[in-house]
Amino acid sequence: MPLHHQNIHGPQLSPTGLESGLTEEELAVQEGVRRFAKEVLRPIGMELDKVTPEEMIAEGSKLWSVLEQAKELGLSVTAMMDMAPVERARLMAIASEELSWGDAGLAGAILVNQFPVLYAAIAGNHEMVAFCDGKRGCWGITEPDHGSDMLDTDGTMQDSAGQYGRPNCTARIEGDKIIINGQKSAWVSGAMTAEVCALYCHYDDNGTTRPGISMIVPLDAKGVTRGKPLDKAGVRALNQGELYFDNVEVPLSHLLAGPDTYAKFLYSTLAEANAHVANMYIGVARAAYEHALTYAHERKQGSLPLMRHQSVKSRMFHMFRKIEAARALLRRTVEYNASASDHALQGSIAAKITCTETAFEVASDALQIFGGNGMTKEYPMEKLLRDARSGLIADGCNEVLAIKGGNLLINPELL
C-alpha cells in the first residue's frame, strides 16, 4: 500500500495526556474527583455564572451545597497531613486539576477554604491548624491601593523613584493580643462565605508601618464587617469581596508570622498559592481543549468534519502540546517544593505564569474553532475564555510575578 494511503493513528490518550505511573490511590482520587467535577461542579458552575453575586451567596444558593459536598472528597489539609510530602503534593495536584476542569470558580471556592489551615501548618502553629480545620476560609492580602506590590516585602520590585505609600490595613501587638484596623480589597477570595481569614497586612510599630504580620482572624469577631460581593467577568462562582476591620482583637496565639519572620513566611505561602493557581488553570485549559476537540469532530465545514481540515488539526495539536508542557512544569515544581528543604518560589512563579498564559491561549484558540458559536452563551467557550483571562491577574499579576521571579535568579557571587 502506498504510504500516503496508510491511516496510522497513535493511542487514544487519557484526559491528562502523557501521564503515567499513577498509584492506585492517585487513580482512584482522579476518577472520583473527575466524576464530582463532571456531575456537580460543571452544571452548577454554568448556572452560577449567570446569576448576580448577591444571588450566588444567598441562602439556598447551590454554592453552599457544593462547599458541603466537597468536604466528602476527603482532600482537606488535615486529612492528608500524615502522608509523605511528595505523595500529598501529587494527590492535591491531581485533584485540583480535575476540580478546575469541572469549573474554575467553584474549584477556587473549594480550595481557598483550605488556605487558613495550610498557612497555619506552614507557620507551625498547630493550635490554629486545629482551630481552622473544618471551617470555610479565605486569604486576605490585597488592598484597595495595593495589589501585587503586597508581595514585595523587601521593596526590590519597587521603582527607584517610587514609593508604595501607606497601607490600607495594619495590625499592632499589645500585650497578649493583636489589634487590626483597615480594609482589604474586594479581591479577597472566599470572603463572602468564609468563617476564618488568613490575614496578611503591615505591622504598625508605634505609628510606623512596615511589612508585615499575619494572623488567623475569625470573621465573626467584633469589628469585622464585609462589603458587597464583587461582580466580575470570570471565575464568577468564586465569591470575592471586601473585608473591614475596626479595632478587631484576636489573641496573640492566632499569630502566624511577625515582622521578623514575615518575609520568609510570605515567600513560602506564595510558593504554595502560585502552584495551586497554576493547577487550576491547567484544568481550565484542558476543559477548553476537550470541548474544541469534540466539536471539531462533530461540526462540518466544506462537507468535512473540522478535524479533517489541516489548519484545525494544526491548531488542536498546538493546544495539546502547550497543555502537556505546562502540566509537566507544574508537576515538576510541585514535587520539587514538596521534597526540598526550601521552596523554590521561582519555580512556582514560572508554573503560575506558564499555566495561566497557556490557559488563555488555549481557550482563545478553542473558541476560534467554534467560530461564531463560541461567542454565544449556548456553548461553554465564552465562559472558559473569561475564566482563563482572570488567571493572568489572580494571585499576583504575571508581569509583577515575572519581576519577582527574575530577582530570585540573581546570583550575588556573579555581580
- Sub-3.5 Å donor-acceptor pair from the side chain of R386 to the main-chain atoms of A233, do we have one? yes
- Would you say N206 has more than 12 foreign heavy atoms packed within less than 6.0 Å of its CG? no
- I would like to know whether L75 and V33 meet side-chain contact (heavy atoms from CB on, under 4.5 Å); could you show each step before the answer? CA-CA 10 Å; L75 296 172; V33 178; 3.9 Å; yes
- Message: Could you walk me through whether D103 and K383 satisfy the salt bridge (Lys or Arg N to Asp or Glu O under 4.0 Å) test, starting with their C-alpha distance in whole Å, then the side-chain angles of each, then the deciding distance to 0.1 Å, before giving a yes or no?
- Response: CA-CA 10 Å; D103 185 81; K383 174 185 180 297; 2.7 Å; yes
- Task: Could you tell me whether R331 and E19 make a salt bridge, using a distance below 4.0 angstrom between a side-chain N and a carboxylate O?
- Result: yes
- Show the numbers, then the answer: is there a side-chain contact (heavy atoms from CB on, under 4.5 Å) between I216 and C132? CA-CA 8 Å; I216 297 296; C132 296; 3.6 Å; yes
- Is there a donor-acceptor contact under 3.5 Å from the side chain of S100 to the main chain of G283? no
- Item | For T354, all residues meeting side chain to side chain contact (heavy atoms under 4.5 Å, CB included), sequence neighbours excluded | A326, L329, T358
- Determine whether the aromatic ring centres of F115 and H276 lie less than 6.0 Å apart. yes
- Beyond-backbone contact of M46 with K377, side-chain heavy atoms, under 4.5 angstrom: no
- Task: Mind checking the CG-CG spacing from N274 to L151? Nearest 0.5 Å is all I need.
- Result: 8.0 Å
- Message: Taking K184 first and then E242, would you say they form a salt bridge - that is, a charged N and a carboxylate O separated by under 4.0 Å?
- Response: no
- State, yes or no, whether a side-chain contact exists between W187 and L230 at a heavy-atom distance under 4.5 Å. yes
- Message: Salt bridge check, K71 against E68: does any charged N sit closer than 4.0 Å to a carboxylate O?
- Response: yes
- Would T209 and T170 count as having a side-chain donor-acceptor pair, cut-off 3.5 Å? no
- Query: Do K222 and D246 sit within salt-bridge range, that is, some charged N less than 4.0 Å from a carboxylate O?
  - Reply: no
- Measure the spacing between CG of L266 and OG1 of T261 and express it to the nearest 0.5 Å. 11.0 Å
- Roughly how far apart are Q240 CD and C138 SG, rounded to 0.5 Å? 10.5 Å
- Message: So for atom CZ, which belongs to R332, do other residues, nucleotides or ligands contribute more than 12 heavy atoms lying within a distance under 6.0 Å?
- Response: no
- Message: Checking the side chain of S339 only, and the main-chain atoms of Y336 only, is there a donor and an acceptor separated by less than 3.5 Å?
- Response: yes
- How long is the gap from CG on L256 to OG1 on T269, to the nearest 0.5 Å? 9.5 Å
- Item | Side chain D176, main chain L252, donor-acceptor under 3.5 Å | no
- Geometric cation-pi criterion, R136 with W64: 6.0 Å, 45°: no
- Keeping the roles fixed (side chain from K352, backbone from L330), state whether a donor-acceptor pair exists under 3.5 Å. no
- Test item: C201 and I213 side chains (from C-beta on) under 4.5 Å apart, heavy atoms: yes
- Message: Set out, in order, the CA-CA distance, both residues' side-chain angles and the distance that settles ring-ring contact (aromatic ring centres under 6.0 Å, His included) for F131 and H254, then state yes or no.
- Response: CA-CA 9 Å; F131 178 78; H254 285 224; 5.1 Å; yes
- Query: Are D231 and R236 close enough for a salt bridge, meaning some N to O gap below 4.0 Å?
  - Reply: yes
- Message: Taking the side chain as everything from C-beta on, heavy atoms only, tell me whether M150 gets closer than 4.5 Å to H202.
- Response: yes
- Spatial distance of atom CD (E272) from atom CG (L118) [nearest 0.5 Å]: 5.0 Å
- W139 and Y200 aromatic ring geometry - parallel, tilted or perpendicular at 30°/60° bounds: perpendicular
- Message: Suppose we call two aromatic rings close when their centres sit under 6.0 Å apart. Are F360 and Y281 close by that rule?
- Response: no
- Does A198 offer a backbone N or O that forms a donor-acceptor pair with the side chain of Y119 under 3.5 Å? no
- Query: Are any non-hydrogen side-chain atoms of T376 and E382 less than 4.5 angstrom apart?
  - Reply: no
- Message: Evaluate L22 against R90 for side-chain contact (heavy atoms from CB on, under 4.5 Å), listing each step before the verdict.
- Response: CA-CA 9 Å; L22 296 187; R90 281 175 55 88; 3.5 Å; yes
- Task: Flag the pair D205 and R172 as a salt bridge only when some basic side-chain nitrogen lies within less than 4.0 angstrom of an acidic carboxylate oxygen.
- Result: no
- Is there a donor-acceptor contact under 3.5 Å from the side chain of H297 to the main chain of L293? yes
- Would you mind checking if K322 and E361 are paired as a salt bridge, meaning a charged N to carboxylate O distance below 4.0 Å? yes
- Counting N and O atoms only, with roles assigned by atom type, does the side chain of N239 sit under 3.5 Å from a partner on the main chain of P229, one being a donor and the other an acceptor? no
- Note on the structure: One should read off an interatomic distance between S189 OG and I141 CD1, to the nearest 0.5 angstrom, of 11.5 Å
- Query: Would you say the side chain of R210 lies within less than 4.5 Å of the side chain of D204, judging by non-hydrogen atoms?
  - Reply: no
- Item | Residue pair V362 / A288: nearest heavy atoms and the distance that separates them | CG1-CB, 4.3 Å
- Message: Looking only at side-chain N and O atoms, does T78 offer a donor or acceptor that is under 3.5 Å from a partner on D133?
- Response: yes
- Specify the closest pair of heavy atoms between G45 and L106, including all atoms of both residues, with the distance to one decimal. N-CD1, 3.6 Å
- Specify the closest pair of heavy atoms between G190 and V112, including all atoms of both residues, with the distance to one decimal. CA-CG1, 4.1 Å
- Message: Would you say NZ of K38 has more than 12 non-hydrogen atoms from neighbouring residues, nucleotides or ligands within 6.0 angstrom?
- Response: no
- Is there side-chain contact between H291 and T294, with heavy atoms separated by less than 4.5 Å? no
- Under 3.5 Å donor-acceptor, N337 side chain and A344 backbone: yes
- Query: Side chains of M215 and I180: closer than 4.5 Å at any heavy-atom pair?
  - Reply: yes
- Note on the structure: Between R327 and R286, the two heavy atoms sitting closest are NH2-CD, 3.7 Å
- Query: So does K135 have more than 12 non-hydrogen atoms from other groups sitting under 6.0 Å from NZ?
  - Reply: yes
- Would K264 and D342 satisfy side-chain contact (heavy atoms from CB on, under 4.5 Å), going step by step from the backbone distance to the final call? CA-CA 10 Å; K264 178 63 175 175; D342 290 310; 3.4 Å; yes
- Residue pair E47, K50: steps toward the salt bridge (Lys or Arg N to Asp or Glu O under 4.0 Å) verdict: CA-CA 6 Å; E47 188 175 325; K50 298 178 175 66; over 6 Å; no
- Flag the pair K404 and D149 as a salt bridge only when some basic side-chain nitrogen lies within less than 4.0 angstrom of an acidic carboxylate oxygen. no
- Query: In terms of heavy-atom contacts, does CE of M375 have more than 12 from other residues, nucleotides or ligands at under 6.0 Å?
  - Reply: no
- Task: Scan E97, E290, E98 and name whichever one has a salt bridge (charged side-chain N to carboxylate O under 4.0 Å, His left out) with R34.
- Result: E98
Report, one line per pair, each donor and acceptor closer than 3.5 Å where one atom sits in a side chain of residues 363-374; sequence neighbours left out.
from	atom 1	to	atom 2	distance (Å)
D365	OD1	R315	NH1	3.0
N373	ND2	Y295	OH	2.8

